[in-house]
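Notes for the one structure printed next.
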Amino acid sequence: MLDPRKLHLLRELARRGTITAVAEAVTFTPSAVSQQLSALEREAGVPLLERTGRTVTLTPAGLLLVEHAQAVLEQLERASAALAAARGGPSGPLRIGAFPTATRVLLPPALARLAADCPGLEPMVAEIDPADVSAALRAGELDVALVHEYDFVPPVTDASIETEPLFTEPMYLTDRARVLDARDDPWIMGKPGTLCHTMAIRACQAAGFEPRVRHHIDDFDTVLAFAAAGQGVALVPRLAALTPPDGVSLTRLPLSRRTRAAFRRGYGDHPAVRAAVAAFHTAATALPL
């Protein structure tokens with residue numbers, strides 16, 4: 001019989017591309033991951049991996065097994081959720097991931113709601129970029145997370161993750177009337193590799209110019225402070241600009257950011273996850289959007 005733990009490693013290899021990356025994600029040594037995958041090949045009775053030097057790729061049989069592994073692991077998540085529901089109401093640790101704006105604006109009222117409705121829960125929050133959420137959920141480092149997606153940037157989740165929409169907010173440009181007016185200004189953007197950076201670059205390109213990026217800053221409060229100091233222009237979402245500093249004017253753009261709750265596929269009926277998502281919805285209805 002195929003071992004679900006080994007199937008999880010095979011799925012991670014398909015997602016991450018190297019045994020070293022899988023080992024880092026699951027806190028194994030690369031040698032231990034290789035041994036587990038070799039054992040899975042013996043259980044399957046067919047080659048699953050092609051090894052060329054240090055490079056490992058999945059065979060057609062390996063790719064086929066990954067598809068089935070996803071279905072198996074999803075069913076195990078459903079079983080875990082069903083057993084948790086049979087034990088009673090939400091209780092125990094709940095690991096929540098969130099991007100900084102949501103951590104500051106949405107989570108405080110949501111956590112207060114959870115404390116009132118589910119006193120047995122122990123929420124533990126970690127800030128995380130949405131680009132890293134899928135891997136953290138698959139690895140079991142998080143139970144539920146808040147992620148965002150922008151216009152011009154596709155969603156960062158994969159087939160192993162489910163999401164539920166929470167709210168949509170508009171985007172604003174600091175200091176100028178239109179993006180086209182900012183083509184000659186210096187720009188303040190998030191660090192390369194973040195969704196915010198990708199969105200801003202693509203928004204400028206869609207407006208017909210390549211931005212001249214001067215500062216790379218992820219924290220929107222700091223971005224607004226730099227804008228107020230005349231250090232450049234930036235794109236900011238509504239929740240990050242509820243009280244802009246003096247000297248910063250904001251112009252609404254035909255762009256938006258959408259926030260969603262994310263969790264492992266099949267795990268959404270877990271009582272703790274259901275309670276968290278319900279609290280997120282309640283908190284979202286009170287946001288000044």
Side-chain angles (χ1 to χ4, degrees), residues 1-16 21-28 32-33 36-37 39-40 43-44 48 62 64-98 102 107 110-111 113-115 117-128 130 132-147 155-166 260-282:
M1 181 177 293
L2 300 177
D3 185 342
R5 291 170 296 183
K6 299 185 183 76
L7 291 176
H8 171 72
L9 294 177
L10 185 68
R11 184 182 68 174
E12 287 304 301
L13 180 60
R15 297 276 190 269
R16 298 174 184 273
V22 174
E24 292 175 353
V26 299
T27 63
F28 283 9
V33 172
Q36 292 290 304
L37 291 173
L40 180 61
E43 294 171 6
L48 302 176
L64 177 64
L65 185 54
V66 167
E67 294 181 14
H68 288 284
Q70 176 56 45
V72 169
L73 296 171
E74 181 179 336
Q75 283 301 112
L76 289 174
E77 295 288 5
R78 294 187 191 281
S80 176
L83 289 173
R87 289 194 294 267
S91 63
L94 175 67
R95 296 159 299 179
I96 302 172
L107 280 188
L111 293 177
R113 170 59 63 183
L114 273 178
D117 294 346
C118 308
L121 271 182
E122 183 186 352
M124 297 179 290
V125 175
E127 284 193 353
I128 183 171
D132 299 322
V133 161
S134 291
L137 286 169
R138 289 198 312 271
E141 298 166 0
L142 298 174
D143 300 307
V144 64
L146 293 166
V147 298
V156 294
T157 54
D158 57 47
S160 65
I161 306 301
E162 286 186 87
T163 64
E164 184 171 322
L166 293 174
R260 308 174 72 90
F263 39 85
R264 290 185 296 279
R265 189 169 294 279
Y267 204 58
D269 286 334
H270 191 287
V273 172
R274 269 206 321 268
V277 175
F280 297 159
H281 276 292
T282 300

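- Taking all atoms of both residues into account, the shortest heavy-atom contact from Val144 to Ala276 is CG1-CB, 4.2 Å.
- Looking at Leu166 and Leu146, their side chains come closer than 4.5 Å, going by heavy atoms from C-beta outward.
- For the pair His8/Val26, a side-chain contact is recorded, criterion being any heavy-atom separation below 4.5 Å from C-beta on.
- Residues Ile128 and Leu142 meet the side-chain proximity criterion, which asks for heavy atoms closer than 4.5 Å.
- Side-chain atoms of Phe280 and Leu107, non-hydrogen and from C-beta on, do get closer than 4.5 Å to each other.
- Minimum interatomic distance between Arg274 and Gly268 (heavy atoms only, all atoms of both residues): CG-O, 3.3 Å.
- Residue Glu141 holds its CD atom at 8.5 Å from OG1 of Thr27, rounded to the nearest 0.5 Å.
- Of the possible polar contacts, none joining the Glu77 side chain to the Arg264 backbone as a donor-acceptor pair under 3.5 Å is found.
- Counting all heavy atoms, side chain and backbone alike, Arg113 lies closest to Ala279 at CG-CB, 4.0 Å.
- In this structure, Leu37 and Leu48 have side chains that are not in contact, with every pair of non-hydrogen atoms separated by 4.5 Å or more.
- Qualifying side chain to side chain contact (heavy atoms under 4.5 Å, CB included) partners for Ala21, counting only residues two or more places apart in sequence or in other chains: Arg16, Thr18.
- From Glu162, atom CD reaches atom CD of Glu74 across 6.5 Å, with rounding to the nearest 0.5 Å.
- A distance-only check finds no donor-acceptor pair linking the side chain of Arg11 to the backbone of Gln70 [under 3.5 Å].
- Using a 4.5 Å cut-off on side-chain heavy atoms (C-beta onward), Leu111 and Val125 make contact.
- Within the 4.5 Å cutoff, the side chain of Arg138 has heavy atoms near those of the Ile161 side chain.
- Listed here is the closest heavy atom pair of Tyr267 and Ser80: CE1-OG, 3.9 Å.
- The line from CD of Gln36 to CZ of Phe28 is 6.0 Å long, rounded to the nearest 0.5 Å.
- Across all their heavy atoms, Pro4 and Leu76 have their closest contact at CB-CD1, 3.6 Å.
- At least one side-chain heavy atom of Arg15 sits under 4.5 Å from a side-chain heavy atom of Ser160.
- Looking at residues two or more places apart in sequence or on another chain, you find a side chain to side chain contact (heavy atoms under 4.5 Å, CB included) between Ala69 and Leu7.
- A distance of 6.0 Å separates CD1 in Ile96 from CG in Leu114, rounded to the nearest 0.5 Å.
- Within the structure, side chain to side chain donor-acceptor pair (under 3.5 Å) pairs that include any residue of residues 81-95 comprise Arg95-Asp143 (at least two apart or interchain).
- Shown here for Pro90 and Pro271, the closest heavy-atom pair between the two residues is CG-O, 3.6 Å.
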